[in-house]
Amino acid sequence: MAAYVHYVAAFIAVFAIICHNSLCNAQKKDTLGEKVQQMMDWTNKKSIIRLNGDKFRTYVKTAPRNYSVIVMLTALQPGRGCSVCKQANDEFVILANSWRYSQQYSNRLFFALVDYDEGPDVFQSMKLTTAPAFMHFPAKGKPKRADTMDIHRVGFSAEQLGKWVTDRTDIQIRVFRPPNYSGTVALALLFAMIGGLLYFKRNNLEFLYNKTSWGIVALAVIFAMTSGQMWNHIRGPPVMHRNPNTGQMHYIHGSSQGQFIVETYIVMLLNTAVVVGFIMLNEAQTMKGDPGKKRILSLVGVGCVTIFFSFLLSVFRAKYQGYPYSFLFK
């Protein structure tokens with residue numbers, strides 16, 4: 001009799017455990033389904049989900065979760081003084097919209113944003129003291145070191161963000177940038193100005209045969225193309241970058257895969273100075289008159305070529321780490 005009671009008690013205990021586990025699994029499935037549905041509802045309204053501290057812990061940090069979340073932690077309020085947060089947010093929006101309206105769009109991946117003024121506790125929990133920051137929260141497990149994007153090394157363009165997302169989630173996102181008609185409008189205005197000039201000067205077109213004018217125009221186009229203006233038009237890089245730890249402003253991008261807008265103007269001015277130096281050397285050889293003036297012009301030309309070419313080589317060394325050669329400046 002005692003053995004029978006023992007078996008009955010064991011059966012009841014096992015049955016209770018099975019029922020409890022089944023109930024827990026059912027509750028988890030219900031909770032997961034509700035979370036996914038809520039995330040989908042938010043994304044259908046806007047491609048980037050804005051989260052505060054409570055929503056971040058509920059939908060990003062807390063299990064169960066079968067989806068990945070790319071979170072941008074930022075400080076968009078003007079009073080915070082984050083000069084690059086707006087630019088980073090624009091690139092993040094481009095990537096999120098590209099995913100939202102792509103054919104591969106699903107509930108496997110979501111994009112979210114936490115602003116410091118809306119969730120300071122999130123920054124404290126993640127031990128973040130600077131913004132912006134991009135983090136990947138995988139569907140299973142905790143984020144690893146590689147789940148935080150190194151924006152100081154690769155930048156934060158939508159294309160670089162897309163590559164990083166692909167590395168972390170195996171989901172490829174083709175970036176679609178909204179059309180920018182400013183270049184087309186500027187080109188149309190330029191042609192209109194040239195057409196107007198030709199119309200009003202139709203009786204005096206000798207300037208079209210001026211070799212110096214055509215040479216200046218040709219050099220301007222060459223300087224613009226060799227400095228990277230077309231790359232800026234396509235990629236839309238930031239103007240410059242401030243190091244959030246030291247506050248130091250960087251005008252030269254530290255990688256050969258990127259550049260700043262200010263950097264292109266620096267390279268353009270250096271190229272112009274080198275060409276001006278060569279022009280001085282050439283003019284000194286053909287100059288007639290005082291030999292002293294020829295000597296001064298030659299020395300100034302040599303100085304321009306030497307000094308500004310050294311600066312140009314220094315910029316090259318800064319972008320291609322490990323380049324062994326330098327001249328005057330390192």
Within 45° of the ring axis of Y105 and under 6.0 Å from its six-membered ring centre, is that where the NZ or CZ of R100 lies? yes

Give the cluster check for W214 versus L190: same hydrophobic cluster or not, with ILVMFWY residues linked at side-chain heavy-atom distances below 4.5 Å. yes

Could you walk me through whether F316 and L312 satisfy the side chain to side chain contact (heavy atoms under 4.5 Å, CB included) test, starting with their C-alpha distance in whole Å, then the side-chain angles of each, then the deciding distance to 0.1 Å, before giving a yes or no? CA-CA 6 Å; F316 186 83; L312 198 61; over 6 Å; no

For the residue pair V71 and F137, establish whether any side-chain heavy-atom pair is separated by less than 4.5 Å. yes

Start with the C-alpha gap between R108 and I171, add the side-chain angles, then the distance that decides, and say whether side chain to side chain contact (heavy atoms under 4.5 Å, CB included) holds. CA-CA 9 Å; R108 295 172 52 201; I171 298 176; 3.5 Å; yes

Nearest 0.5 Å, what's the CZ-OG distance between R317 and S310? 11.5 Å

Would you say S47 and N97 are linked by a side-chain donor-acceptor pair, where the criterion is simply a distance under 3.5 Å? yes

For the residue pair M268 and Q229, establish whether any side-chain heavy-atom pair is separated by less than 4.5 Å. yes

Is the backbone N or O of G303 less than 3.5 Å from a side-chain atom of T306, with the two atoms forming a donor-acceptor pair by type? no

Just wondering, do P132 and I151 contact through their side chains at under 4.5 Å, heavy atoms? yes

With a 4.5 Å heavy-atom cut-off, do F111 and I49 have their side chains touching? no

Does CD in Q38 sit with more than 12 non-hydrogen atoms of other residues, nucleotides or ligands closer than 6.0 Å? yes

Going from CD on E283 to NZ on K294, what distance comes out if it is rounded to the nearest 0.5 angstrom? 11.5 Å

M230 CE: over 12 foreign heavy atoms closer than 6.0 Å: no

Could you pull out the closest heavy-atom pair between A112 and V69, with the gap in Å? CB-CG1, 4.0 Å

Parallel, tilted or perpendicular for F134 and F92, by the 30°/60° rule? tilted

Quick one: pull up CZ in R50 and CG in L76 and give me the separation to the nearest 0.5 Å. 6.0 Å

Kindly indicate whether the side chain of V165, heavy atoms from C-beta on, has any atom under 4.5 Å from the side chain of H136. no

Expected output: side-chain W99 to main-chain L109 donor-acceptor under 3.5 Å: yes

Measure the spacing between OH of Y265 and OG1 of T272 and express it to the nearest 0.5 Å. 12.5 Å

Any side-chain donor near an acceptor of the partner, T166 and Q172, under 3.5 Å: no

Which atoms form the tightest heavy-atom contact between V175 and S98, and what is the distance? CA-OG, 3.6 Å

Heavy-atom closest contact (G53 atom, V122 atom, distance): CA-CG2, 3.7 Å

How close do A133 and L128 get, counting heavy atoms only, and between which atoms? CB-CD1, 4.1 Å

Less than 4.0 angstrom from a charged side-chain N to a carboxylate O is my criterion; do E91 and R177 meet it? yes

Answer yes or no: is there a side-chain heavy-atom contact under 4.5 Å between Y116 and Q77? no

Please check this pair: side chain of R168 against backbone of I70, looking for a donor-acceptor N/O pair closer than 3.5 Å. no

Contact between V274 and L270 at the side-chain level, heavy atoms closer than 4.5 Å - yes or no? no

I296 reachable from V276 in the ILVMFWY side-chain graph, under 4.5 Å edges: yes

Check against side chain to side chain contact (heavy atoms under 4.5 Å, CB included), F311 and I307: CA-CA 6 Å; F311 279 121; I307 294 174; 3.5 Å; yes

Closest approach of L73 and A131, non-hydrogen atoms and distance? O-CB, 3.9 Å

Interatomic distance, K55 atom NZ to E118 atom CD [nearest 0.5 angstrom]: 9.0 Å

Would you call D90 and K86 a salt bridge, using N to O less than 4.0 angstrom? yes

Quick one: are the ring centres of W42 and Y59 less than 6.0 Å apart? yes

If hydrophobic clusters are built by linking Ile, Leu, Val, Met, Phe, Trp and Tyr wherever their side-chain heavy atoms come under 4.5 Å apart, do V300 and L269 end up in the same one? no

Which value, rounded to the nearest 0.5 Å, describes the distance between T129 atom OG1 and Q124 atom CD? 11.5 Å

Establish whether L299 and F278 are linked, either directly or via other cluster members, by ILVMFWY side-chain heavy-atom contacts under 4.5 Å. no

Counting C-beta onward and ignoring hydrogens, is there a side-chain heavy-atom pair between L113 and N89 closer than 4.5 Å? yes

Please answer whether the main-chain N or O of N66 pairs with a side-chain N or O of K140 as donor and acceptor at a distance below 3.5 Å. no

Distance-minimising heavy-atom pair for V114 and F123: O-CE1, 3.9 Å

Using the rule that Ile, Leu, Val, Met, Phe, Trp and Tyr join whenever any side-chain heavy atoms are under 4.5 Å apart, tell me whether F156 and F260 fall into a single cluster. no

Test: D121 and R57 ion pair at under 4.0 Å: yes

